[in-house]
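Reading through the structure tokens given below for one structure.
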Amino acid sequence: MSIRLKREVMTADVLIIGGGTAGCYAALTLSRRSDLRVIIAEKAGIRRSGCLAAGVNAINAYITDGQTPKDYVDYAMKDAAGIARKDLLFTAASRFNEVTADLERLGLVILKDESGNYVTRGKRNIKINGENIKPILADAVLQASNVTVLEHVNITDLLADNNEVKGAVGFHMEENTAYEIRAAAVIVSTGGAAGLYKPNNPGFSRHKMWYPPFNTGAGYAMGMKAGAEMTSFEMRFIALRCKDTIAPTGTIAQGVRAKQINSRGEIYEDKYGITTSERVYGTVRENQLGNGPCYLRTKGIDKDTEEDLLKAYLNMAPSQTLKWLQNDRTPGKEDVEITGTEPYIVGGHTASGYWINTNRETTLGGLYAAGDAAGGCPQKYVTGALAEGEIAALDIIEKGRKTEISDQATLFADEKIREYESILNGPDAAYTAEELEEAMQKVMDEYAGGISVNYQFNEKQLEIAAEKIKEITSLTRCLNASDMHELMFVYELKERLIVCRFVIAHLGYRKETRWHSFQENLDYPRPDEAYHKFVNSTMKDGRLILKLREIGKENRYEHTDF
């Protein structure tokens with residue numbers, strides 16, 4: 001019996017795709033500052049979705065006493081080797097403290113000293129008890145009268161007409177329902193992309209990774225297909241993590257000032273540098289030179305400090321605390337082994353994502369990006385995502401666009417819904433989505449700078465990667481799904497493959513090595529001033545067009561012709 005989908009047509013003033021940090025705060029801002037009708041479409045449940053699902057133990061972007069937003073801009077620009085947008089960094093940093101105070105009013109516990117001041121962790125961080133940070137945000141959104149939350153709804157495509165976005169189309173993952181959502185403005189806040197590369201841990205533990213495995217690059221892919229301009233996909237992110245658990249290392253490095261050492265006890269971070277990419281690169285090189293494993297030096301820390309570490313990891317990576325306690329190998333008794341993860345594409349740590357103006361509007365009219373989906377603004381973390389959601393929402397309120405029904409957009413929605421039904425009713429395929437995903441990850445790992453090749457690549461390898469990704473993409477046309485949940489897996493694979501294509505093209509276009517490990521081009525092993533620019537791209541008629549854009553010095557940026 002063939003499956004036919006019920007069609008649900010909804011209309012809103014603003015559609016928010018992705019109910020993570022940025023999406024929730026954009027909705028909160030819209031509900032507080034306007035009477036606009038808002039819909040959040042989230043493929044999970046907003047109380048435990050996105051990067052904050054498991055919690056976090058620090059606000060990593062905060063203007064502490066003695067620091068200014070300009071200091072934060074300078075830090076982020078240096079860490080990104082100059083490839084970042086000062087206008088985006090400054091407008092986000094100027095809101096860090098304000099959005100943090102708002103989270104505290106909503107119920108977030110921020111640690112304070114005897115004088116009532118926030119407890120800092122380094123120059124830019126403050127400590128929190130953040131296991132419930134996402135439920136706090138979500139509960140505030142769920143209480144807003146003009147916000148409708150659609151959970152378990154997977155958006156696949158934007159509805160666009162003449163470079164203007166009119167809404168989006170998707171499907172419910174538990175019901176045989178397709179959604180056509182019409183909106184005057186759309187905010188993409190779906191997060192970045194994990195699962196492009198072969199993961200750090202194989203088999204049963206393949207989803208024990210740094211970045212949420214549910215973030216598939218969907219937001220990027222829908223913008224790419226609609227012709228939005230993207231930026232910096234060659235600026236991958238590789239996290240330095242505790243071995244096996246893939247727990248964060250910053251809590252140790254900043255919390256107890258632990259140094260990176262090799263197996264000989266030598267401090268190597270001074271040799272390679274301490275930017276984010278250099279910390280990963282130094283670890284990779286020491287292992288290549290036969291000086292591994294590498295560690296964070298914690299052996300000998302006092303009992304109170306050790307106890308603080310054990311508690312801190314319970315807030316966001318309890319597996320690390322359990323590992324320490326399991327064999328009584330606590331950090332005071334032995335150093336913590338560290339390793340790099342597989343590469344990710346994430347605009348909250350690097351500059352990858354949509355090319356946006358200062359108000360976070362993309363090159364498509366009515367389409368905004370915030371959080372990890374937004375490019376040009378690295379090192380923004382949780383508070384940056386909150387700030388960008390707020391900035392986008394305020395611009396939408398100010399512009400006051402009206403929802404228009406577009407015949408072209410509706411025809412496209414018809415086409416997509418027929419595509420969903422075709423996959424649901426298709427014959428058994430020779431391959432499953434999971435099998436093609438593993439093939440994709442193997443290609444990206446071996447030919448586009450994954451773990452197995454120490455994150456390095458050359459032009460010939462990228463050519464092979466591009467060819468093989470094209471072949472795998474062609475095989476997705478034959479995939480089928482037996483239910484709506486499997487249909488989601490098919491589209492997640494399609495999304496990842498589109499993002500892979502952009503990543504490969506960007507890696508090849510930058511003829512230098514600007515960030516060791518993040519973008520380690522063996523054919524061009526040194527930085528080149530000619531590439532002190534953004535690498536930007538658009539897709540037109542299935543063809544990728546890449547171009548360099550200058551590093552702007554303006555305080556506010558409006559889009560110019562590509």
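A donor-acceptor distance shorter than 3.5 angstrom exists from the side chain of S189 to the backbone of G18, with no hydrogens or angles considered. Of the possible polar contacts, none joining the Y62 side chain to the T383 backbone as a donor-acceptor pair under 3.5 Å is found. Checking side-chain atoms of R48 against main-chain N and O of A53 turns up a donor-acceptor pair under 3.5 Å. Judged by distance alone, the side chain of T249 and the main-chain N or O of L240 form a donor-acceptor pair under 3.5 Å. Judged by distance alone, with hydrogens and angles left aside, the side-chain atoms of R496 form a donor-acceptor pair with the main-chain N or O of A194 at under 3.5 Å. In this structure, the side chain of D71 engages the main chain of T68 through a donor-acceptor pair within 3.5 Å. A donor-acceptor pair under 3.5 Å is absent between the side-chain atoms of N357 and the main chain of H559, judged by distance alone. For the pair N129 (side chain) and V109 (backbone), a donor-acceptor distance under 3.5 Å is absent. Without hydrogens or angle criteria, Y197 side chain to A448 main chain gives a donor-acceptor distance under 3.5 Å. With T362 contributing its side chain and L364 its backbone, the two residues share a donor-acceptor pair below 3.5 Å.
R514 and N521 share no donor-acceptor pair across their side chains, judged by distance under 3.5 Å alone. Y25 and D102 are linked by a side-chain donor-acceptor pair at a separation below 3.5 angstrom, with hydrogens and angles left out of the test. Side-chain contact of R121 with T251: a donor-acceptor pair under 3.5 Å is present, judged by distance alone. With 3.5 Å as the limit, one finds no donor-acceptor pair spanning the side chains of T64 and K123. Neither side chain, N154 nor Y491, offers a donor N or O lying under 3.5 Å from an acceptor on the other. Using modelled atom types, one finds a donor on one side chain and an acceptor on the other under 3.5 Å when comparing E104 with Y118. At a cut-off of 3.5 Å, with distance as the only test, a side-chain donor of Q260 or R279 sits close to an acceptor on the other residue.
For F233 and Y220, the ring centers are positioned less than 6.0 Å apart.
Across all non-hydrogen atoms, the minimal contact from A92 to C377 is CB-SG, 4.2 Å. Nearest approach of F214 to E492, heavy atoms of both residues: O-OE2, 4.2 Å. Here the shortest heavy-atom pairing between A369 and I356 reads CB-CG2, 4.1 Å. The two residues G340 and N200 come nearest to each other via the heavy atoms O-ND2, 2.7 Å. Here the closest non-hydrogen pair linking M235 and S352 is O-OG, 3.1 Å. Across all their heavy atoms, E388 and A374 have their closest contact at OE1-CB, 3.5 Å.
Taking a cutoff of 4.0 Å between a charged side-chain nitrogen and a carboxylate oxygen, D13 and R37 qualify as a salt bridge. Taking a cutoff of 4.0 Å between a charged side-chain nitrogen and a carboxylate oxygen, E512 and R510 qualify as a salt bridge. Taking the charged nitrogens against the carboxylate oxygens, D74 and K78 have no contact shorter than 4.0 Å, which rules out a salt bridge. Salt bridge annotation for R401-E361: present, with a cationic side-chain nitrogen under 4.0 angstrom from a carboxylate oxygen. Under 4.0 Å is where a charged nitrogen must lie from a carboxylate oxygen, and between K225 and D157 at least one such pair does.
In this structure, I136 CD1 and R47 CZ are separated by 9.5 Å, a value rounded to the nearest 0.5 Å. Here CD1 of I155 is found 11.0 Å from OG1 of T190. Values are rounded to the nearest 0.5 Å. To the nearest 0.5 Å, atom CD1 of residue I187 and atom CD1 of residue I391 are 11.5 Å apart. Annotation: the span from I16 atom CD1 to I46 atom CD1 amounts to 10.0 Å, rounded to 0.5 Å. If you take SG on C242 and CD1 on I252, they are separated by 4.0 Å, rounding to the nearest 0.5 Å. Of the inter-residue distances, the one linking L497 atom CG with M444 atom CE reads 9.5 Å to the nearest 0.5 angstrom.
The neighbour count for K311 NZ, taken as heavy atoms of other residues, nucleotides or ligands under 6.0 Å away, does not exceed 12. Heavy atoms from other residues, nucleotides or ligands lying under 6.0 Å from NZ of K494 number more than 12. Residue K70 qualifies as open at atom NZ: its count of foreign heavy atoms under 6.0 Å is 12 or below. The local environment of CG in D270 is crowded, with over 12 non-hydrogen atoms from other residues, nucleotides or ligands closer than 6.0 Å. The 12-atom threshold is not exceeded at CG of N555, counting heavy atoms of other residues, nucleotides or ligands nearer than 6.0 Å. Other residues, nucleotides and ligands place more than 12 heavy atoms under 6.0 Å from the CD1 atom of I551.
Looking at heavy atoms from C-beta onward, P248 lies in side-chain contact with R241 at the 4.5 angstrom threshold. I238 is not listed as a side-chain neighbour of Y281, based on a closest heavy-atom distance of 4.5 Å or more. Within the 4.5 Å cutoff, the side chain of E390 has heavy atoms near those of the R33 side chain. The closest side-chain heavy-atom distance from L196 to P343 is not below 4.5 Å. M230 has its side chain within reach of Y354: a pair of non-hydrogen atoms, C-beta onward, lies under 4.5 Å apart. Taking 4.5 Å as the limit, every side-chain heavy atom of N359 sits out of range of all side-chain heavy atoms of E398. Within the 4.5 Å cutoff, the side chain of I126 has heavy atoms near those of the T100 side chain. Counting heavy atoms from C-beta on, the side chains of L88 and K380 never come closer than 4.5 Å.
Applying the salt bridge (charged side-chain N to carboxylate O under 4.0 Å, His left out) criterion to K533, with sequence neighbours excluded, gives E550.
Using the six-membered ring where Trp is involved, F96 and Y72 have ring planes that are perpendicular, over 60° apart on the 30 and 60° scheme. Taking the six-membered ring where the residue is Trp, F518 and F237 present perpendicular rings, their angle passing 60° and hence far from 30°.
Each of D79, T350, N60 was scored for a side-chain hydrogen bond (donor to acceptor under 3.5 Å, both in side chains) with Q379, with one residue passing: D79. For the ring-ring contact (aromatic ring centres under 6.0 Å, His included) criterion with Y557, the lone passing option out of F534, W355, F90 is W355.
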Using ring-ring contact (aromatic ring centres under 6.0 Å, His included), reason through Y455 and W515 one step at a time and then give a plain yes or no.
CA-CA 11 Å; Y455 311 118; W515 311 278; over 10 Å; no
